[in-house]
Amino acid sequence: MAKKKVAVLISGRGTNLQSLIDACADKKYPAEIALVLSNCPGAPGLDRAGAAGAPTLVIDHQLYGKGPQARAAFDAALSAALEEARIDLVCLAGFMRILTPGFVEKWSGRLLNIHPSLLPSFKGLHVHERMIEAGVKIAGCTVHFVSAEMDSGPIIGQAAVPVLPGDDADMLAARILEQEHRLYPACVKLIAEGRARLTARGVVEFDNDVAAGAPMLNPNPS
Ligand code: GRF
């Protein structure tokens with residue numbers, strides 16, 4: 001089967017991008033990085049893409065100005081670039097832009113995000129600080145399909161980690177990030193193979209033979 005063409009959208013350091021690059025280096029992995037797109041010209045993740053020989057593109061949101069029209073124009077440029085590259089799957093990986101409902105609708109079922117909490121808890125920003133403040137004992141990360149409302153789309157996979165006494169936000173973030181780097185490639189694999197999908201009812205459906213441990217990495221039930 002032809003490999004699925006993945007675009008990874010980044011704004012920053014790109015460690016999740018790196019985990020996808022590394023996964024795609026395996027000949028048997030069902031996807032390839034066909035485009036790395038950033039809204040920030042200086043995003044360090046662009047160097048990771050360059051080192052891996054992946055095509056890169058910068059669409060600087062600042063050149064579009066502010067307001068709803070600017071946002072729509074930026075998203076239209078994004079969509080055009082993705083279509084031009086014949087992208088099958090779009091992976092948001094630390095992409096710090098809120099996408100318009102039109103964009104989300106257009107790429108529905110083909111648009112994934114990773115978030116550093118066990119959604120639906122702790123949507124939004126400053127997640128690690130907020131989790132420590134709240135005193136949660138189990139944290140983790142989630143890969144989900146993107147819907148119009150931020151961090152609210154149907155969940156594909158999750159991985160849990162403990163919050164340990166004495167943890168600060170950075171320590172917790174590092175523990176979660178380690179799982180993010182396993183979870184994103186695992187979830188992209190399931191979607192790229194067509195073994196998991198977003199249904200018209202807006203839920204994620206898995207083939208019967210998908211092991212329970214495929215979308216739930218930690219703890220591993222299988
Ligand atoms: C990750 O924690 C991801 O879950 C969140 O943004 C961060 C991006 O990190 N959406 P990186 O750029 O992939 O290193």
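Order of appearance sets the numbers: ligands from 1, and atoms from 1 within every ligand.
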Checklist entry - Ion pair present between Asp207 and Arg197, side-chain N to carboxylate O less than 4.0 angstrom? => result yes
Checklist outcome for this item: Residue, atom and distance of the protein heavy atom nearest atom 10 (N) of ligand 1 read Ile114 O, 2.9 Å
Item to check | Listed once per pair and sorted, the side-chain hydrogen bond (donor to acceptor under 3.5 Å, both in side chains) pairs that draw on residues 120-134, sequence neighbours left out | outcome: Lys123-Ser152
Checklist entry - Where is the nearest protein heavy atom to atom 4 (O) of ligand 1: which residue, which atom, and how far? => result Glu180 OE1, 2.7 Å
Checklist entry - Among all protein non-hydrogen atoms, which one is nearest to atom 8 (C) of ligand 1, and what is the separation to 0.1 Å? => result Gly94 CA, 3.6 Å
Checklist outcome for this item: for atom 9 (O) of ligand 1, nearest protein heavy atom and its distance come out as Arg13 NH2, 3.3 Å
Next on the checklist: Please check whether Gly14 reaches ligand 1 - meaning an N/O of the residue sits under 3.5 Å from an N/O of the ligand, judged on distance alone.
Outcome noted: yes
Checklist entry - Looking at ligand 1, does any of its N/O atoms fall within less than 3.5 Å of an N/O of Asn113? => result no
Item to check | From NE2 (His144) to SG (Cys187), nearest 0.5 Å | outcome: 11.0 Å
Checklist entry - With a 3.5 Å cut-off and no angle check, do the side chains of Gln158 and Thr142 form a donor-acceptor pair? => result yes
Checklist entry - Hey, is Gly45 one of the residues with a heavy atom under 4.0 angstrom from ligand 1? => result no
Item to check | Winner among Ile10, Leu92, Asn16, Val8 once heavy atoms are compared against atom 13 (O) of ligand 1 | outcome: Asn16
Checklist entry - Quick one: does Glu32's side chain get under 4.5 Å of Val6's, heavy atoms only? => result no
Checklist entry - For Val127, what are the other residues in its hydrophobic cluster, where any two members join if their side-chain heavy atoms are less than 4.5 angstrom apart? => result Phe122, Met131, Ile132, Val136, Val161, Val163, Leu172, Ile176
